Amino acid sequence: GRAGPLLQSPAMPAAVVFDQVAKTFAGARGAVRALDGVRFDVEAGEFFGLLGPNGAGKTTLISILAGLSRATRGRVTVMGHDVVTDYAAARRSLGIVPQELVFDPFFSVREALRIQSGYFGVRQDKRANDAWIDELLAHLGLSDKADANMRQLSGGMKRRVLVAQALVHKPPVIVLDEPTAGVDVELRQTLWGFIANLNKQGHTVLLTTH
């Protein structure tokens, strides 16, 4: 489903392109076809919903988009960058909020965000980078947790940090994989409001949900 502004001109590539993507896994009873010729584009500036029941292959598709898994057949691009042959540029263009709570227990929230920005080669001066981190923390209700160790946070707060980590390098494409799974009502409302505002600013959003 599609909603939101279309900010694409005819000369611009689609923000995300899935071109005849297939993925086959080896199973106990033979090959399992998780994806079979998936073909669609997400245009720049769209808020795109990828809908399907559990087991439909949504997370497999996102894993291929993120470069964590390789398609058996087909091609995927992000902002014109092939996720296989131009992985670094494609991955820099993506901010992905995963389903799982994955975190490093040795750092504070602020340290985790600074490290994450470094992974993506953010070369802004430290003051500008910290200002954006402060803005993320404020928007996601994390300001009072900035110096808390990650392992001290509740599940809901850890999920907020995952959102901040996905956005810390200011990616043009934001991917939310089942973002409301196990999320409290307050976080859900905060998350929707913040993501909707980023979409209005021109960020492309791809959301998966059942």
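Quantities reported herein were computed from a predicted structural model and do not represent experimental measurements.
Residue Leu50 is tested with Leu207, Leu176, Leu61, Val38 for a side chain to side chain contact (heavy atoms under 4.5 Å, CB included); the sole match is Leu61.
Taking all atoms of both residues into account, the shortest heavy-atom contact from Phe107 to Ala112 is CB-N, 4.2 Å. Among all heavy-atom pairs drawn from Leu35 and Gly57, the shortest one is CD2-O, 3.6 Å. Of all heavy-atom pairs between Met150 and Lys158, the closest is O-CE, 3.4 Å. Of all non-hydrogen atoms in Leu153 and Ala148, the two that sit nearest each other are CD2-CB, 4.1 Å. When every heavy atom of Arg92 is checked against every heavy atom of Pro172, the shortest pair comes out as O-CD, 4.5 Å. When all heavy atoms of Val168 and Leu113 are compared, the closest pair comes out as CG2-O, 3.7 Å.
Between Ser108 and Asp147, the side chains place no donor N or O within less than 3.5 Å of an acceptor N or O (distance only, hydrogens not considered).
Looking only at side-chain heavy atoms (C-beta outward), Leu191 and Arg188 stay at 4.5 Å or farther from each other. The shortest side-chain heavy-atom distance between Leu65 and Leu206 falls under the 4.5 Å cut-off. Side chains of Phe48 and Thr204 form no contact here, defined as non-hydrogen atoms less than 4.5 Å apart. Contact annotation: the side chain of Leu94 never approaches that of Pro171 to less than 4.5 Å [non-hydrogen atoms, C-beta and beyond]. Contact of the Asp134 side chain with the Arg110 side chain is registered, since non-hydrogen atoms from C-beta on lie closer than 4.5 Å. When side chains are defined from C-beta on, Gln116 does not count as touching His169, because their heavy atoms never get closer than 4.5 Å. Side-chain atoms of Thr24 and Arg73, non-hydrogen and from C-beta on, never get closer than 4.5 Å to each other. You'll find the side chain of Pro98 stays beyond 4.5 Å of the side chain of Asp177, heavy atoms only.
In the hydrophobic clustering of this structure, Val173 groups with Phe40; members are Ile, Leu, Val, Met, Phe, Trp, Tyr whose side-chain heavy atoms approach within less than 4.5 Å, directly or through other members. Cluster membership check: Val78 shares its hydrophobic cluster with Val84, using side-chain heavy-atom separations under 4.5 Å among Ile, Leu, Val, Met, Phe, Trp and Tyr. Taken together through direct or relayed side-chain contacts under 4.5 Å among Ile, Leu, Val, Met, Phe, Trp and Tyr, Val175 and Leu68 form parts of separate hydrophobic clusters.
If you take CZ on Arg160 and CG on Leu136, they are separated by 13.5 Å, rounding to the nearest 0.5 Å. Here the CG atom belonging to Leu137 is positioned 10.0 Å from the CG atom belonging to Asp130, to the nearest 0.5 angstrom. Distance check, rounded to the nearest 0.5 Å: CG of Leu167 to NE2 of His139 gives 10.5 Å. The CG atom of Asp144 lies 6.5 Å from the CE atom of Met157; values are rounded to the nearest 0.5 Å. Separation of atoms CD1 (Ile133) and CG (Leu142) is listed at 12.0 Å; rounding is to 0.5 Å. To the nearest 0.5 Å, atom NZ of residue Lys58 and atom OG of residue Ser63 are 12.0 Å apart.
Between the Lys23 side chain and the Arg70 main chain, a donor and an acceptor come within less than 3.5 Å of each other.
Considering only residues two or more places apart in sequence or on other chains, Lys145 meets the salt bridge (Lys or Arg N to Asp or Glu O under 4.0 Å) condition with none of them. Take Arg75 and apply the salt bridge (Lys or Arg N to Asp or Glu O under 4.0 Å) test, not counting sequence neighbours, and it matches Asp82.
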